[in-house]
Amino acid sequence: MSYNFLQVEKKWQQHWKDTEAFKVVEDDSKEKYYSLEMFPYPSGKLHMGHVRNYSIGDVIARFKKMNGKNVLHPMGWDSFGLPAENAAIKNGIHPDIWTRENISEMITQLNELGLSYDWDREVATSSEDYYKWTQWIFLQLYNKGLAYKTKSPVNWCPSCETVLANEQVVNGACERCGSDVTKKNLSQWYFKITDYADRLLKDIDNLDGWPDKVKLMQSNWIGKSYGAEVDFKVKNTDKDLKVFTTRPDTLYGATFMVMAPEHPYVNELVAGTEYEPKVNSFLSELNRLSSIERSATTLEKKGLFIGAYAINPVNNKEIPIYIANYVMMGYGTGAIMAVPAHDDRDFEFAKKYDLEIIPVIKPNDDSIDTENLTEAFCEPGIMINSDKFDGMTNKEAIDKISIDLNERGIGKKTVNFKLRDWLISRQRYWGTPIPIVYCKDCGEVPVNAEDLPVKLPKDVKFTGKGESPLKTSETFMNTVCPKCGGPAVREVDTMDTFVDSSWYFLRYTDTKNDDEVFNLDKAKYWMGVDQYIGGVEHAILHLLYARFFTKFLFDLGLSPVDEPFDNLLTQGMVLKDGAKMSKSKGNVVTPREIIDKYGADTARLFVLFASPPEKDLEWSDDGVEGSFRFINRVWRFVEEYKDILKTGDITINNKFDKELNFKLNEVIKNVTHDISLRFNFNTAISFVMELVNVMYKYTQNAPEINRELLSKAVESVLLLLAPFGPHFTEELWTLIGNEGSIHLHSWPTYDEAALVKDTIEIVIQVNGKMRDKIEVEANINKDDLETLALSTDKIKSLTNGKTVVKVIVIPKRLVNIVVK
RNA sequence: GCCGAAGUGGCGGAACUGGCAGACGCGUCGGACUCAAAAUCCGAAGCCCUUAAAAGCGUGUGGGUUCGAGUCCCACCUUCGGCACCA
């Protein structure tokens, strides 16, 4: 026999809806708490990863509410994006309809899980009243010069005739049709996130509530490196070739120079020379490689001398200029000085093309023959072959040489970032239109803010071919210029969906505002997000973009904070048989089947109990069964004893009462600690299980049931479990005669006095090995404890005939006797 | 290659600042209830040797620090994650 979860869960879900239980408004008399889970793409079907993510957030939200906080716990939809468009191409359903249907299905499923969302604050990035403001933010970026258009190579699928996002390129091939992806130069919109690189990096230090792992990933992604820019003259020309190096100390060891094959100087330097055809064939060979193959470190280093020489500014040495496949145009200046003696890649290249190797640093201990290197020497050491810098440590020389370059006007200290500007153009329909028009006379003109939103048209053809579906809508394309009123055409690209999700957490504070992106006072009340929860796959892009937007809006005086998320929890994946659940592996367990068979409370309890939230969770059907059993065990207990429970002052009458009372208070303390400080829901639940076990034993063993005490224990169990299993606890709460929702009741408190024990158990070790235990008065002094420990029969027999060298007494814990 | 995380029973996982390793759950075994089964309740259980007790061995491997190490230090192995020719 088990409880009727179907009926109970339905009943309370309806009740919460009817009473608007989770509606929340600003209230200055209460401390706020903003609990946020990363909003989903509305695919239409919830998976276990969602269940885990939202269960974690819901426990936190409900727990904070029971602790007196005014809790903002919203949900919404990252509803622009490719799948909707693919559905349109495949099935002819309009993306808008497809998306709306999915959203309503997902809302049903989320409500079936009993999640405490304030649906009044729902946002959908694809709705006009949301993307209007996404466009508005675009205009602000544009006005500040942080949104710009430029030609750049993009991924192009020749078969689908469309641009692909990086994520849609799998091993150099189109995700949809498998064709080789090529590069195509197209005009693209960018956000100048690089202007914020330094701040985005520096402020990572303030993110105390973020996992180190995520902070590190962001740091690496931004990739700041310190070094110097050095100007090399190109022999017999007036050109200066700039290189970036992090090792200015090795400047005297530069024996050749390598440029990226795409470097603009390459064409100019070889034009009309005997090297031109060779360079061209080198280039076309390289272009045949996909970007994946090109960037593989295993790719053999290949290069070509282009007939020109550069002059090393520190010693006027002429060095040959090469192009090679291992130098990237996108980083630094696209050209490097090659120092084979002290760089692995340059060494490999020099050996292959038989180029000169000059050591300029030797190890402190002469352990390496620098004249006959077998590999590049990359350790710190002492400067040699470097004029006036000889004898210095190379560390010292980095600084000295940089200063010297600066003074002579041939170089300077500089920094470089790996972070690039953010390409936001997508040649797609189902996204936020970019609010720009092109006028024959005025050129590129931003749409006036009062004319927003630039709406997505309905009369669009979805063929899956061509650059952008919006081109097929004449009503959309043809417009008038906001500046001169003349005929103009609209930008047909839409924005990357990461743009939409970079500010939704701010909109939640004020979702219905038609006049402002969000109200500053409301944002002031709710921001920052106290707890953000989501998958670690968003550790870099989404979180970095969201930080960028928040800082930008902060600079405009629109956002009250310059970092959006005070605390971040990255939950682990849900695995089955050691692998991520996926259709292709056939190891998917759907939330639907679990809810139907056991109910939402069981599903929630299991995903929270099976593993700590930040670790991967191994799915176990037997484990789910166990969680279901536990809920039933609680249910039966309450049913059996509900009639004799009696609230009132508790008197402790015997050792059974005392034991139960101790456990009760201990568990309240531990559960509170584990939820609030560590988010270790798995141990929190296990403590409640212990309490329930003790309660069962109590009813069997105690000579007489202490009705007030048992009543307090039952209430506490329900309150402690309320955030985890909101439905059955609500039902049992009324069953034992309470009025009102358990979720409006305050969190149970414990009595420190109940945790004081009269006697405690002390472990006795001999030479660090546990040999005996004794029960002693809790307040026994050290000397008495030592005497007692040495006098037990067991210890006496073990120490007999040996010398006691030392006795270590740790009060309230153990005694360790060292013997020889 | 670089950076990071993690290795604990048959399984998922506990052990907060070094102090009884294995909480809690699953599975297993035994008992009660039942004509029987399921469900439920109670109990056992790291491994090894044993009728039992005691001893011994046990937190990836090898060393070290300490009265005492899953926890700290050094070296290594394995697995997972991120970045990947970043000059």
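Lettering of chains follows the sequences in order, A, B, ..., and the numbering in each one begins at 1.
- Cation-pi check for A:Arg604 over A:Phe724 is not met; the charged atom does not lie both under 6.0 angstrom from the ring centroid and within 45 degrees of its normal.
- The structure places CD1 of A:Ile705 at 6.0 Å from CG of A:Leu710, a figure rounded to the nearest 0.5 Å.
- The base of B:C42 lies outside donor-acceptor range of the side chain of A:Lys697, with no N or O pair under 3.5 Å.
- Ranked by how close their nearest RNA chain B nucleotide is to the 5' end, A:Asp346 and A:Met689 are led by A:Met689.
- Each of B:C83, B:A55, B:U40 was ranked by its minimum atom distance to the side chain of A:Lys794; first place goes to B:A55.
- The aromatic rings of A:Tyr326 and A:Phe349 are tilted relative to each other, their planes meeting at an angle between 30° and 60°.
- Within 4.0 Å (heavy atoms only), A:Thr245 reaches sugar-phosphate atoms of the nucleic acid but no base atom.
- Base orientation at B:G9 is syn, since its O4'-C1' glycosidic dihedral falls within 90° of 0.
- The same atom, P, is picked in B:C72 and in B:G19; the two are 11 Å apart, to the nearest Å.
- Residue pairs meeting the salt bridge (Lys or Arg N to Asp or Glu O under 4.0 Å) criterion with at least one partner in residues 240-254 of chain A, sequence neighbours excluded, are A:Asp231-A:Lys242, A:Lys233-A:Asp240, A:Arg247-A:Asp249.
- Here the side chain of A:Ile540 is nearest to one of B:G12, B:C83, B:A14, namely B:C83.
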- Given pairs defined as Watson-Crick or G-U wobble with both distances under 3.5 Å, what dot-bracket annotation applies to RNA chain B, with ( ) intrastrand, [ ] crossing, | other strand and . unpaired? (((((((..(((......[....))).(((((.......))))).((........))..(((((..]....))))))))))))....
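- Base contact: A:Ile810 has a heavy atom under 4.0 Å from a base atom.
- Comparing A:Gly332 and A:Ile808, the nucleotide of RNA chain B nearest to each residue sits closer to the 5' end for A:Ile808.
- At a threshold of 4.0 angstrom between heavy atoms, the contacts of A:Gln700 are confined to the sugar-phosphate backbone, with no base atom among them.
- The distance from atom CD1 of A:Ile685 to atom C1' of B:C24 is 10 Å, rounded to the nearest whole Å.
- Counted within 6.0 Å of NZ on A:Lys757, heavy atoms from surrounding residues, nucleotides or ligands total 12 or fewer; the atom is thus considered open.
- Side-chain proximity of A:Leu814 to B:G19, B:A14, B:G12: nearest is B:G19.
- A sub-4.0 Å separation between OP1 or OP2 of B:A55 and a side-chain N or O of A:Arg771 is present.
- Among the heavy atoms of the strands lying under 4.0 Å from A:Ser225 are primed sugar atoms or P, OP1, OP2 only; no base atom is included.
- A heavy-atom distance below 4.5 Å is not found between the side chains of A:Phe5 and A:Ile631.
- Nucleotides B:A84 and B:A15 are separated by 39 Å at their C1' atoms, to the nearest Å.
- Side chain of A:Tyr326, nearest nucleotide from B:A23, B:C41, B:C85: B:C85.
- You'll find the side chain of A:Gln571 reaches within 4.5 Å of the side chain of A:Ile533, heavy atoms only.
- The gap from the P atom of B:A32 to that of B:U17 amounts to 46 Å, rounded to the nearest Å.
- With rounding to whole Å, A:Lys215 atom NZ is found 15 Å from B:G4 atom P.
- Rounded to an integer number of Å, the gap from CG of A:Asp674 to C1' of B:G13 is 14 Å.
- Nucleotide B:U8 holds its P atom 9 Å from the NZ atom of A:Lys615, rounded to whole Å.
- Counting any heavy atom pair closer than 4.0 Å across all strands shown, A:Gly626 reaches sugar-phosphate atoms only and no base atom.
- Taking atom C1' in both B:A14 and B:G63, one finds a spacing of 29 Å when rounded to whole Å.
- Comparing B:C24, B:U40, B:G13 by their closest approach to the side chain of A:Arg636 singles out B:U40.
- For the residue pair A:Ser402/A:Tyr226, the side-chain donor-acceptor check at 3.5 Å is not satisfied.
- Judged by distance alone with a 3.5 Å cut-off, a donor-acceptor contact links the side chain of A:Gln765 to the base of B:G19.
- Side-chain to base pairing of A:Asn816 with B:C67: one donor and one acceptor N or O lie within less than 3.5 Å of each other.
- The A:Trp221 side chain lies nearest to B:A84 when the options are B:C57, B:G12, B:A84.
- The interatomic distance linking A:Asn632 (CG) with B:C41 (P) rounds to 9 Å, in whole Å.
- Rounded to whole angstrom, the span from the CZ atom of A:Arg633 across to the C1' atom of B:C24 amounts to 12 Å.
- A:Val818 comes within 4.0 angstrom of sugar-phosphate atoms only, judged by non-hydrogen atoms across all strands, and of no base.
- Residue A:Asn693 has a polar side-chain atom (N or O) positioned under 4.0 Å from OP1 or OP2 of B:G25.
- Distances shorter than 4.0 Å separate none of the side-chain N or O atoms of A:Asn682 from OP1 or OP2 on B:C24.
- Ionic pairing of A:Lys413 and A:Asp399 is present here: one or more N-O contacts between side-chain nitrogen and carboxylate oxygen are shorter than 4.0 angstrom.
- A:Gln218 places a side-chain N or O within 3.5 Å of a backbone atom of A:Ala539 that can act as its donor or acceptor partner.
- Counting non-hydrogen atoms under 4.0 angstrom, A:Tyr696 reaches the backbone sugars and phosphates but no base.
- In this structure, A:Leu544 atom CG and B:G82 atom P are separated by 17 Å, rounded to whole Å.
- For the C1' atoms, the distance from B:C41 to B:U34 is 13 Å, rounded to whole Å.
- One atom, CZ of A:Arg678, and another, P of B:G13, lie 15 Å apart when rounded to the nearest Å.
- In A:Lys302, the NZ atom is not crowded: 12 or fewer heavy atoms of neighbouring residues, nucleotides or ligands sit closer than 6.0 Å.
- Under 4.0 angstrom from either OP1 or OP2 of B:C26 there lies at least one side-chain N or O belonging to A:Arg629.
- Not a single donor-acceptor contact under 3.5 angstrom links the side-chain atoms of A:Lys806 to the base of B:C67.
- Here the side chain of A:Thr683 is nearest to one of B:C3, B:A15, B:C24, namely B:A15.
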